[in-house]
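Just so we're on the same page: letters track the sequence lines, and every chain starts at 1. In this text the structure is predicted, and so the values were computed from the model without any measurement.
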2 protein chains.
Amino acid sequence: MAKKDKDIITSSTEEKILEAARVVFTKKGFAGTRTRDIAELSGINLALLNYYFRSKEKLFKVVMIEKMQKLFGVISPALNDANTTLEQKVTLIVNLYADMLIKNPDLPIFVLRELNLNSEAFGSGFHPHKMLSDSFFVKQLKEKRPDENPLQFLISILGMIIFPFIAKPIFKKAIGSEKAFEIIINERRALIPKWVSAMLRTK
Amino acid sequence: MAKKDKDIITSSTEEKILEAARVVFTKKGFAGTRTRDIAELSGINLALLNYYFRSKEKLFKVVMIEKMQKLFGVISPALNDANTTLEQKVTLIVNLYADMLIKNPDLPIFVLRELNLNSEAFGSGFHPHKMLSDSFFVKQLKEKRPDENPLQFLISILGMIIFPFIAKPIFKKAIGSEKAFEIIINERRALIPKWVSAMLRTK
DNA sequence: ATTATTTTTAATCATTTGTTTAAATAAATT
DNA sequence: AATTTATTTAAACAAATGATTAAAAATAAT
């Protein structure tokens, strides 16, 4: 075969398509995206999309897997660190998410939008619920509060940090600018750990 | 004019279209919905959709306004009740949402999905952030905790109750059945008010 | 240098999709 | 009953869209 240093030669156009696909799919969703938008943004010929990725759906799946790993993978190391307390883990999780979501504010709505639209289409490989349920963090939650379902705390913690990014169109008008939104998020780095500690103490 | 008891005669087919539109738009989103799906589900001729609602977009807006009012309107009375304490209001809000969302579990993801996709297209009429910010509830929050932005509590309370419905595809696998999901939600009716009280006490 | 292979391009296809049209039917008005 | 108005239907339109094709250009192998 001629020209097959796949990772050097072809990665250029392939990566150009992927980069544009990330942007357009994230902004418009799978159904709202036209392959022509991706081609145009990446500056490549429309046919190349199918040449490299076979179909719109296959290209989308590549992006979707990436995004899911980004959204749920950030906290993976923090969840299973054997050398931190429950409270330290909460602080770490909140800050890891704050850092990442300020840089990728539309990541949560993208992933959850497509997961809700598509229920079953992404069974391939990645299981965030296992990552969470089997974690050392959940074990510590069980020890601290054997009387409560640890999932209840997990849902609340993730909700408090992720929800503002999903509900942004509502709160943004009450908040004002994008800068003001970031200030709110940054305040939550300290607030949420404090709140969670208080929640864990309630009887 | 002949035949123009609009609320009696035409409401039948018009309402049939609307009912189907609610179902299909909610399930597939605006971009993922085909007008033919709505026509088929409602059992009417395709052309009637444009006859009654002019366009897919206009029909969608009717549904969207409805859904936004449903999502943000439920708690409107509770927010401005002058005869309840802050803690009582939290309990009321949580229960009003639990009742409504168990019956309409895909309402939050629908509204927030479309608001995020469409940023500006729904400036018409309904302003949830005003309803929240100008409420008696927020005034009470300010009195109780003048040191904190009341929005921080508001975001957390709404996040804790609404987020599980948005993140359901993730947690559902960890939870199991639909019944188990409802049990989790019902437990939160008591948990969240207790948690919020603890949060309000933190210094 | 010649040949084979990979990549890119422009044009086109076949469907899908929102909307319209013109005729038919039903209902109301006179 | 005759006429006008409103509703419904089947068919079709025009534009959009995901995908393919066949030829050209670029690159690699011999």
### Proximal nucleotide (of C:dT17, D:dT9, D:dG18) relative to the B:Arg34 side chain
C:dT17

### Any A:Thr13 side-chain N or O less than 4.0 Å from OP1/OP2 of C:dT8
yes

### Query
What is the distance, rounded to the nearest whole Å, between atom OH of B:Tyr52 and atom P of D:dA6?
11 Å

#### Entry: Under-4.0 Å side-chain N/O to phosphate OP1/OP2 contact, B:Asn50 with C:dT19
yes

### Query
For B:Glu40 and C:dT17, what is the distance between atoms CD and C1' respectively, to the nearest whole Å?
14 Å

### Query
Once you round it to whole Å, what is the distance between P of D:dA16 and CD1 of A:Ile38?
18 Å

### Task
Check the angle between the aromatic planes of B:Phe25 and B:Phe30 and answer parallel, tilted or perpendicular using the 30° and 60° thresholds.
parallel

### Message
From the set C:dT19, C:dT9, D:dA19, return the single nucleotide nearest to any side-chain atom of B:Arg36.
### Response
C:dT19

### Message
Does D:dG18 have OP1 or OP2 under 4.0 Å away from a side-chain N or O of A:Thr35?
### Response
yes

### Query
Does a salt bridge link B:Glu15 with B:Arg22, judged by any charged N lying under 4.0 Å from a carboxylate O?
yes

### Task
Mind calculating the distance between NZ (B:Lys61) and P (C:dG18) to the nearest angstrom?
17 Å

### Task
Could you state the atom-to-atom distance from CD1 of B:Ile44 to C1' of D:dA6 in whole Å?
16 Å

### Summary
Taking D:dG18, D:dT9, D:dT21 as options, the one with an atom nearest any side-chain atom of A:Lys56 is D:dG18

#### Entry: Between C:dT17 (P) and B:Asp37 (CG): distance, integer Å
8 Å

### Task
Return yes if some donor-acceptor pair links the side-chain N/O of A:Arg188 with the main-chain N/O of B:Gln152 below 3.5 Å, else return no.
yes

### Query
Would you say the side chains of B:Lys28 and B:Thr33 form a donor-acceptor pair under 3.5 Å?
no

### Atom pair distance, as rounded to whole Å: CZ in A:Phe53 and C1' in D:dA19
16 Å

### Query
To the nearest angstrom, how far is B:Asn45 atom CG from C:dA26 atom P?
15 Å

### Query
Checking all strands, does A:Leu46 fall into the base, sugar-phosphate, or nothing category for heavy-atom contacts under 4.0 angstrom?
base

### Carboxylate-amine/guanidinium contact B:Arg189 B:Asp99, below 4.0 Å
yes

### Query
Among C:dG18, D:dT8, C:dT12, which is the nearest nucleotide to the side chain of B:Tyr51?
D:dT8

#### Entry: A:Leu48 side-chain proximity, nearest of C:dT21, C:dT9, C:dT17
C:dT9

